[in-house]
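The basis for the numbers below is simple: all heavy atoms, side chains too, and nothing from hydrogens, waters or symmetry mates. Just so we're on the same page: letters track the sequence lines, and every chain starts at 1. It should be emphasised that the depicted structure is a prediction, and the values quoted were computed from it without experimental measurement.
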Amino acid sequence: MTSVTSISTLIPGNASAMPTSSARTVMQLTDVSVFYGAYEAVRGTTMPIREHQITAMIGPSGCGKSTVLRSLNRMNDLINGARIQGTITFHDQDLYAPNVDPIQVRRRIGMVFQKPNPFPKSIYENVAYGLRINGIKDNLDGRVEKALRDAALWDEVKGKLNTSGLALSGGQQQRLCIARAIAVQPEVILMDEPCSALDPIATGKIEDLMHELSRTFTIVIVTHNMQQAARVSHYTAFFTAEVDDKQVRHGRLVEFNDTGRIFTNPNDKRTEDYITGRFG
Amino acid sequence: MTQQPNPALAMSSKARSRIADRTFWAICLIAGIAVLAILGLILGSLISQSMPAFREAGLDMFTNTRWVPNDPDADGPAGPIYGLLAFAYGTVVVSIIALIFAVPVSLGIALFLTELAPRRVRGTVVTFIDLLASVPSVVFGLWGVLVVAPALVPVYQWLHGTLGGIPVLGRLFGEAASGRNFMTAGIILALMIVPIITSISREVFDTVPDSDKQAAWALGATRWEMIKGSVLPHSFGGVVGAIMLGLGRAMGETILVALVMGSAVQITPNLFAGGYALPGAIVNLFGESSGTFTAVLMVMGVVLFVMTVLINLLARVIVRRAEVRMKGATA
């Protein structure tokens, strides 16, 4: 019998992932659709992002979870023809209002990518880059060290800060990217499948790190790995790909809820099918 | 039931592919050896042809600034003086000027094309740059000497008037007797090498992975900060290579420089004075040369050859060190 509850036994003791019910809403998506040109890639997404919580977005390929993630710090602006409908607010301010500068948005809402992408510069310069472009010049050494410590990388690199960031292992590179993102003290960190290029040990380190970071930052993570979502997140949004009457494939948010609830007692049949492996 | 393949046929086809493989290998090997052989032959014959000059004029050629190959009035030195320093100086100065103008312009165009220009503009500009590249250098030279040089004389005079009084710098901006000088030659040469530096830099900038650019964007970088953080460090080696190719063309350029710079054999800090470069001297003087004189022209060829090789080696060292610093020892 493949009951929904049997999946939950795969989840390591994750008491820390209990959502804090009093958490404030930092970002709010209301009826958000993302378009690429005339193509509506994701339709009608409404969900909150809560402060100091980890929100996971899961779902099959092509369900639009990365697209939604990238609309949260206006990275989609860089794609020709991309636009959104609906509203995304950050501290009750419309992120897409005409007077909002996307560069300022990205300075407050950072991002970590699927493939570790350190700059071809030294470890130190990788972390200092964000500080420099933000005009922060005082105590650069201290800030770089703190970011590397907070990213659980300091002990491994403290003796070789001047060597290239690209000489590190994949897992170390990804933690360097996290250090680079948190150095500028954003409020929200978006993570787009941050562990999909890493081995299980490196993945474990990043997951532990995410727990630590959620005390200071709000985290949104897109993942293909359902166990990962179950292990690290407080809230989970399940997206799926649907085909409408006109045979147009598009992504849709099926269910948003506490992670425990999604993985043990989902409201929607499609969620249940997906997490029990009956999706198809 | 499917028919079993004939084992003999299978074997013969394998043998045939092996022959093809070996032929391919041999062709590649020959091509590779040919490159080395041609280079060796050129260098070898240059040196052997220049031996008479070394015997007669000796190393004086590399230290003497005077150039008196023949003396029709018989009022000068007893024998010919073959000092090559002034020609080497002319080549170096005109190439440096060309790079100073060409590099910023080329990198600017390349960045504009890869990072800023809309797709349609991009295609048009690329076409025009390719057209510029296909203009024969003698046309550049004629245009330089007939149009640009006279037009620039007032500019040079103004610069001399404004900057000429400054102690050290002023010596660079001396009196401009005519428009045919180091500066004009350098500027026209720059126009000639802009297309090559631009098109190679553009291809290099295009290879910067999107993920690297996104990393900068996601930190709240402006476009320029993104270029400085992601695009430039990533393309350093390739850009140096592009500049070196441009420099190589500038140093070897003959007819353009000969036309625009004139033929004054002198070493002077004044950029508005005429000069003479190695390739121009070879082509201008070869027709009327004989004996030792011809051998001296061969030495000019050797000097040019050695200069380009040294510059390329230097560029390799620079790139290698930068890559190790930026990308780790594996690069």
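- A/Arg108 forms no cation-pi arrangement with A/Phe90, by the criterion of a distance under 6.0 Å to the ring centre and an angle within 45° of the ring axis.
- Between A/Arg149 and A/Glu145 there is a salt bridge, since at least one side-chain N of the basic residue sits less than 4.0 Å from a carboxylate O of the acidic one.
- Across all non-hydrogen atoms, the minimal contact from A/Leu198 to A/Ala202 is CB-CB, 4.0 Å.
- Only the backbone of A/Pro118 has a heavy atom closer than 4.5 Å to any heavy atom of chain B.
- With a threshold of 4.5 angstrom between heavy atoms, A/Lys121 approaches chain B through its backbone and through its side chain.
- In this structure, chain B has a heavy atom under 4.5 Å from the backbone of A/Ile109, while its side chain stays farther away.
- Heavy atoms closer than 4.5 Å to chain B are found in both the backbone and the side chain of A/Ile133.
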Pairs of donor and acceptor atoms involving the side chains of residues 305-315 of chain B, under 3.5 Å and at least two apart or interchain, shall be tabulated with distances.
| residue | atom | partner | partner atom | Å |
| --- | --- | --- | --- | --- |
| B/Thr308 | OG1 | B/Leu304 | O | 2.8 |
| B/Thr308 | OG1 | B/Phe305 | O | 2.8 |
| B/Asn312 | ND2 | B/Thr308 | O | 3.1 |

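- The candidate from A/Leu78, A/Asn80, A/Val184 with the greatest count of non-hydrogen atom pairs under 4.5 Å with chain B is A/Leu78.
- A/Asn126 does not touch chain B: none of its heavy atoms, backbone or side chain, sits under 4.5 Å away.
- In this structure, no portion of B/Lys213 lies under 4.5 Å from any heavy atom of chain A.
- Taking the charged nitrogens against the carboxylate oxygens, A/Arg132 and A/Glu125 do have a contact shorter than 4.0 Å, which makes a salt bridge.
- Heavy-atom distances place no part of A/Arg74 under 4.5 Å from chain B, backbone and side chain included.
- Using a 4.0 Å cut-off between charged side-chain N and carboxylate O, B/Glu225 and A/Arg107 make a salt bridge.
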